[in-house]
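Since the structure comes first, as C-alpha cells, the remarks are kept for the end.
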Amino acid sequence: MGRVTSRRRVVRLVDDAATARPDALAVEEPLEIRVRGRSLAVTMRTPGDDFDLAAGFLVSEGVVRAPSDIASIRYCAGATADGGNTYNVLDVGLGEGVAPPDPSIERNFYTTSSCGLCGKASLDAVRTTASWQVAADPIRLAPALVTGFPAKLRAAQRVFDRTGGLHAAGLFSAGGELLCLREDVGRHNAVDKVVGWATRAGRLPLTGTVLMVSGRASFELVQKAVMAGIPVLTAVSAPSSLAADLAEETGLTLVGFLRGNSMNVYTGAHRLGVTAGRR
C-alpha cells in the first residue's frame, strides 16, 4: 500500500531568516478504477481506503446500491513492465445480475484532485437512477448542534495535522455523532470514501444523516449525497449555483459558510426549524 505522506526538505523563511527543515506533504497518486476488467475512471487521490473510494464512486454513478452488488474488489498485479503491483489499479467485480456501466454514457473519466467529475451523464444519473428520495427524510436538526460539526471534523483529521493539505468529509448522525471520517487531496474522493464505507457496511440509504465537507459544496458533492440517500449537506465554504439548484430540485438541505455560530441555509431550512423574513 502507498504512503499517505512523504517528506521533503524545504527552506523556511521567517522575516529575513532562512532555515532548512523537513516538511510533510500529502501524497497524491493516480488510481485507475476498472469494472470487470474494463477501465472506467482515473482519479488523483491520496492512497488509503481505496476500496471504499471505488465503491462510493460506483454508487455515485448509479452502478451499485448494496454490498451484494459488489462481488469483489482487488488490486491488479502486472501494472508495471516487470509485472509488479503499484496498488494504483483496482478492478471491481459486480454481483450477479448487476449491469456494468452503460457504454452509451461511459466516459474515460480523468479527475484531478481539485475537480471531480461533471457532465451530462452525472446530471442524468441523479435524475434517473437515484434510488432514494431525500426530500421525504424527516430528519430535524438544532442549529446549535450543526455549528459544532466543523470542530468535530477538524479534530478527527489526523493526516491534515501533519500536512495541512487534505480535504475531509465526515458523516454525522442526527444526534451529532461522527460516524465516519475520510481525508483525501480531492474533496470528491473524500466523499466517495465515506459513501463507499457505508455501502460496504450495508448502511445505504443513509437516511437521518448529515454529510460535512471541509471545502466548498459543488454540484458533484450534492449529487453524491443524493445518490447515497443523505438528506443534509453542510460545508465550511460556499456552494455553487448548480449545487443549490440540484439541492432544491431533490429536496436536500444545503448549508454553506458553516463557521463559528453562523451558517447560510440555501435549501431545506425547515429541517433546522428556522424561518426568516425577507430583507
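From a predicted model like this one, the values you see are computed outputs, not experimental measurements.
- With hydrogens and angles disregarded, a donor-acceptor distance shorter than 3.5 Å links the side chain of Ser214 to the backbone of Ala168.
- Partners of Asp245 under the side-chain hydrogen bond (donor to acceptor under 3.5 Å, both in side chains) rule, at least two apart in sequence or in another chain, do not exist in this structure.
- Taking CG of Leu221 as the start and CG of Leu211 as the end, the distance is 7.5 Å to the nearest 0.5 Å.
- With sequence neighbours excluded, the residues forming a side-chain hydrogen bond (donor to acceptor under 3.5 Å, both in side chains) with Ser237 are Arg259, listed by chain and number.
- Take Pro143 and apply the side chain to side chain contact (heavy atoms under 4.5 Å, CB included) test, not counting sequence neighbours, and it matches Met263, Leu272, Val274.
- Among residues at least two apart or in separate chains, there is no ring-ring contact (aromatic ring centres under 6.0 Å, His included) pair with a member in residues 244-268.
- Nearest heavy-atom pair, Ala244 versus Thr267, reported as atom, atom and distance to 0.1 Å: O-CG2, 3.7 Å.
- With hydrogens and angles disregarded, no donor-acceptor distance shorter than 3.5 Å links the side chain of Thr234 to the backbone of Val255.
- Scanning for side-chain hydrogen bond (donor to acceptor under 3.5 Å, both in side chains) contacts around Ser131 gives Arg65, with sequence neighbours left out.
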Show me the donor-acceptor pairs within less than 3.5 Å that the side chains of residues 192-209 make with the rest of the protein, sequence neighbours left out.
{"unit_1": "Asp192", "atom_1": "OD1", "unit_2": "Ser60", "atom_2": "OG", "d": "3.3"}
{"unit_1": "Asp192", "atom_1": "OD1", "unit_2": "Lys224", "atom_2": "NZ", "d": "2.8"}
{"unit_1": "Asp192", "atom_1": "OD2", "unit_2": "Lys224", "atom_2": "NZ", "d": "3.1"}
{"unit_1": "Lys193", "atom_1": "NZ", "unit_2": "Thr46", "atom_2": "O", "d": "2.9"}
{"unit_1": "Lys193", "atom_1": "NZ", "unit_2": "Gly48", "atom_2": "O", "d": "2.9"}
{"unit_1": "Lys193", "atom_1": "NZ", "unit_2": "Asp184", "atom_2": "OD2", "d": "2.7"}
{"unit_1": "Thr199", "atom_1": "OG1", "unit_2": "Val195", "atom_2": "O", "d": "2.7"}
{"unit_1": "Arg200", "atom_1": "NH1", "unit_2": "Asp52", "atom_2": "OD1", "d": "2.8"}
{"unit_1": "Thr209", "atom_1": "OG1", "unit_2": "Leu206", "atom_2": "O", "d": "2.6"}

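- Pairs of residues two or more places apart, or lying in two chains, never qualify as ring-ring contact (aromatic ring centres under 6.0 Å, His included) while including a residue from residues 10-31.
- Checked by atom type and distance alone, the side chain of Asp15 never pairs as donor or acceptor with a backbone atom of Ala17 at under 3.5 Å.
- The salt bridge (Lys or Arg N to Asp or Glu O under 4.0 Å) test applied to Asp69 returns no partner, not counting sequence neighbours.
- Shown here for Leu153 and Ala169, the closest heavy-atom pair between the two residues is CD1-C, 3.9 Å.
- For the pair Pro101/Leu40, a side-chain contact is recorded, criterion being any heavy-atom separation below 4.5 Å from C-beta on.
- Using modelled atom types, one side-chain atom of Asn189 and one backbone atom of Met44 make a donor-acceptor pair closer than 3.5 Å.
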Q: Output, in order, the C-alpha distance, side-chain angles, deciding distance and verdict of side-chain contact (heavy atoms from CB on, under 4.5 Å) for Val265 and Leu254.
A: CA-CA 6 Å; Val265 185; Leu254 179 61; over 6 Å; no
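- Minimum heavy-atom separation, Ala130 to Val226: CB-CG1, 4.3 Å.
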**Q.** Evaluation steps, side-chain contact (heavy atoms from CB on, under 4.5 Å), between His270 and Arg140
**A.** CA-CA 8 Å; His270 64 282; Arg140 294 295 185 270; 3.8 Å; yes
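- When the side chains of ILVMFWY residues are joined at heavy-atom separations under 4.5 Å, either directly or via intervening members, Val10 and Leu166 end up in two distinct hydrophobic clusters.
- Under the rule for a ring-ring contact (aromatic ring centres under 6.0 Å, His included), the partners of Phe149 that lie at least two apart in sequence or sit in another chain are Phe172.
- With hydrogens and angles disregarded, no donor-acceptor distance shorter than 3.5 Å links the side chain of Asp91 to the backbone of Cys76.
- The two residues Glu61 and Met227 make their nearest non-hydrogen contact at C-CE, 4.5 Å.
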(Q) Run Asp50 and Leu90 through side-chain contact (heavy atoms from CB on, under 4.5 Å) and show every step you take. (A) CA-CA 8 Å; Asp50 288 341; Leu90 280 181; 3.9 Å; yes
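- Applying the ring-ring contact (aromatic ring centres under 6.0 Å, His included) rule to pairs touching residues 9-32 yields nothing, sequence neighbours excluded.
- Residues forming a side-chain hydrogen bond (donor to acceptor under 3.5 Å, both in side chains) with Thr253 (at least two apart in sequence, or on another chain): Arg271.
- The side chain to side chain contact (heavy atoms under 4.5 Å, CB included) test applied to Ala235 returns Val213, Ala217, not counting sequence neighbours.
- Side-chain contact check for Asn88 and Tyr75: no donor-acceptor pair (N or O, by modelled atom type) lies under 3.5 Å.
- Arg182 places no side-chain N or O within donor-acceptor distance of the main-chain N or O of Cys180, the cut-off being under 3.5 Å.
- Criterion: ILVMFWY side-chain heavy atoms under 4.5 Å apart, direct or through other members. Under it, Val27 and Val42 are not part of a common hydrophobic cluster.
- The shortest side-chain heavy-atom distance between Val222 and Glu220 does not fall under the 4.5 Å cut-off.
- Between Ala99 and Val63, the shortest heavy-atom distance links the atoms O-CG1, 3.9 Å.
- Rounding to the nearest 0.5 Å places CD1 of Ile33 at 15.5 Å from CZ of Arg38.
- Shown here for Leu94 and Val64, the closest heavy-atom pair between the two residues is CD2-CG1, 4.0 Å.
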